[in-house]
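Below is one structure, written out as structure tokens; comments come after it.
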Amino acid sequence: MESLPEAVLIRILAAIPAVDLVLVCRLVCCQWKNLVDGAALWILKCQQEGLTGAESEEDAENWQNFYFLSKKRKNLIKNPCGEEDLEHWGEVENGGDGWKIEELPGDFGKEFPSEEVHKYFVTSYEWCRKTQVIDLRAEGYWEELMDTTQPKIVVRDWYAGRRDAGCLYELCVKLLSENEDVLAEYKSETVTIPQDNDGSWTEISHTFSKYGPGVRFVRFEHGGQDTLFWKGWYGARVTSSSVTVEP
């Protein structure tokens with residue numbers, strides 16, 4: 001192995017799982033450590049697996065983090081569409097007749113833009129809110145990564161009204177420290193959907209970046225109500241909520 005050209009050795013190492021490269025291979029010898037810590041190996045792994053978009057080919061740490069973040073990217077919100085009733089949602093505020101889960105498109109509604117979404121949550125005639133708190137370390141995002149790289153935290157939600165009723169909708173997302181201090185916050189305006197709207201779904205999104213060290217949790221809260229105070233479920237509809245950590 002010592003006689004192999006460095007380019008050949010990099011190609012061999014690129015075939016090894018990334019976790020083993022970091023935890024095992026870089027401990028073998030100084031040469032392997034330098035290769036695992038260098039940019040060339042991670043650039044090759046990204047190319048082999050179709051991952052593109054790191055900002056600088058000279059930044060070794062950027063490429064390594066880009067690789068891991070790209071491979072780990074997933075929706076950290078559990079039960080985003082109501083397939084498990086209200087499972088995983090906490091601090092549930094059930095104003096009026098409370099939250100209800102309905103099948104798309106629902107009465108006086110429209111189909112969702114994605115065929116993969118089949119259900120939604122719907123609010124009632126007083127404010128209904130629900131919350132999910134994401135533990136970033138439990139999801140595999142280590143402290144050094146969050147404090148130094150500060151990857152983007154992208155939040156998305158979808159809301160709609162029914163065509164025969166007006167409603168209100170709000171979204172509030174907070175980045176929290178170990179002690180649950182608020183380090184960054186996004187709060188939407190109160191969105192007013194008038195009666196006789198077209199029932200279409202609208203996406204709302206926000207990207208947190210350069211938020212500083214110490215972020216350990218993401219607190220996602222949304223909710224709504226109808227504006228006519230009709231008994232039942234004529235308020236804002238929400239579904240396909242997401243929180244992703246991205247390169």
| query | How would you list, by chain and number, every residue that makes a ring-ring contact (aromatic ring centres under 6.0 Å, His included) with His118, sequence neighbours excluded? | reply |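 None.
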| message | Testing the 3.5 Å rule here: is there a donor-acceptor pair between the side chains of Ser188 and Glu170? | response |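 Not at all, the side chains of Ser188 and Glu170 share no donor-acceptor pair under 3.5 Å.
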| task | Compute whether any side-chain donor of one residue and acceptor of the other, for Ser200 and Asp198, lie under 3.5 angstrom apart. | result |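 There is such a pair between these side chains.
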| Any idea which heavy atoms bring Leu104 and Val117 closest together, and the distance? |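 Heavy-atom minimum between the residues: CD1-O, 3.2 Å.
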Taking the side chain as everything from C-beta on, heavy atoms only, tell me whether [X] gets closer than 4.5 Å to [Y].
X	Y	value
Trp201	Thr239	yes
Phe208	Gln150	no
Tyr169	Thr123	no
Leu145	Leu69	yes
Phe112	Tyr120	no
Tyr211	Leu183	no
Lys45	Trp63	no
Cys167	Tyr159	no

| Among Leu136, Leu176, Asp147, which residue meets the side chain to side chain contact (heavy atoms under 4.5 Å, CB included) test with Val215? |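 Exactly one option meets the side chain to side chain contact (heavy atoms under 4.5 Å, CB included) with Val215, and it is Leu136.
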| task | Please name the residue in the list Asp37, Leu35, Ile16 that meets the side chain to side chain contact (heavy atoms under 4.5 Å, CB included) test with Leu21. | result |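 Among the candidates, only Ile16 passes.
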| message | I'd like to know whether Glu221 forms a salt bridge (Lys or Arg N to Asp or Glu O under 4.0 Å) with Arg219, so could you lay out the CA-CA distance, the side-chain angles of the two residues, the decisive distance to 0.1 Å, and finally the verdict. | response | CA-CA 7 Å; Glu221 178 185 288; Arg219 185 181 188 275; 3.2 Å; yes
| request: To the nearest 0.5 angstrom, please state how far the NZ atom of Lys119 sits from the NZ atom of Lys100. | output: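 Going from the NZ atom of Lys119 to the NZ atom of Lys100 covers 12.0 Å.
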| field | Nearest-0.5 Å distance, CG of residue Asn65 to CH2 of residue Trp142 | value |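 Nearest 0.5 Å value for the CG-CH2 distance: 6.0 Å.
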| Where does the angle between the aromatic ring planes of Phe121 and His222 fall among parallel (under 30°), tilted (30 to 60°) and perpendicular (over 60°)? |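 Perpendicular: the ring planes of Phe121 and His222 meet at over 60°.
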| request: Using the six-membered ring wherever Trp is involved, compare the ring planes of His206 and Tyr186 and label them parallel, tilted or perpendicular (cut-offs 30° and 60°). | output: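 Aromatic pair His206/Tyr186 classed parallel.
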| query | Step by step, would you call Glu102 with Arg162 a salt bridge (Lys or Arg N to Asp or Glu O under 4.0 Å)? | reply | CA-CA 12 Å; Glu102 295 181 345; Arg162 46 184 289 162; 5.6 Å; no
| query | Run the side chain to side chain contact (heavy atoms under 4.5 Å, CB included) check on Trp32 and Leu9 step by step: do they pass? | reply | CA-CA 9 Å; Trp32 284 32; Leu9 184 53; 3.6 Å; yes
| request: Indicate yes or no for a side-chain donor-acceptor contact from Trp89 to the backbone of Asn79 under 3.5 Å, with no hydrogens or angles considered. | output: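 Between the backbone of Asn79 and the side chain of Trp89 there is a qualifying donor-acceptor contact (under 3.5 Å).
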| field | Check against salt bridge (Lys or Arg N to Asp or Glu O under 4.0 Å), Lys74 and Glu139 | value | CA-CA 10 Å; Lys74 65 176 182 177; Glu139 296 292 344; 3.3 Å; yes
| task | Begin with the C-alpha distance, continue with both residues' side-chain angles, and end with the deciding distance and a verdict on side chain to side chain contact (heavy atoms under 4.5 Å, CB included) for Phe68 and Trp42. | result | CA-CA 10 Å; Phe68 278 106; Trp42 298 101; 3.8 Å; yes
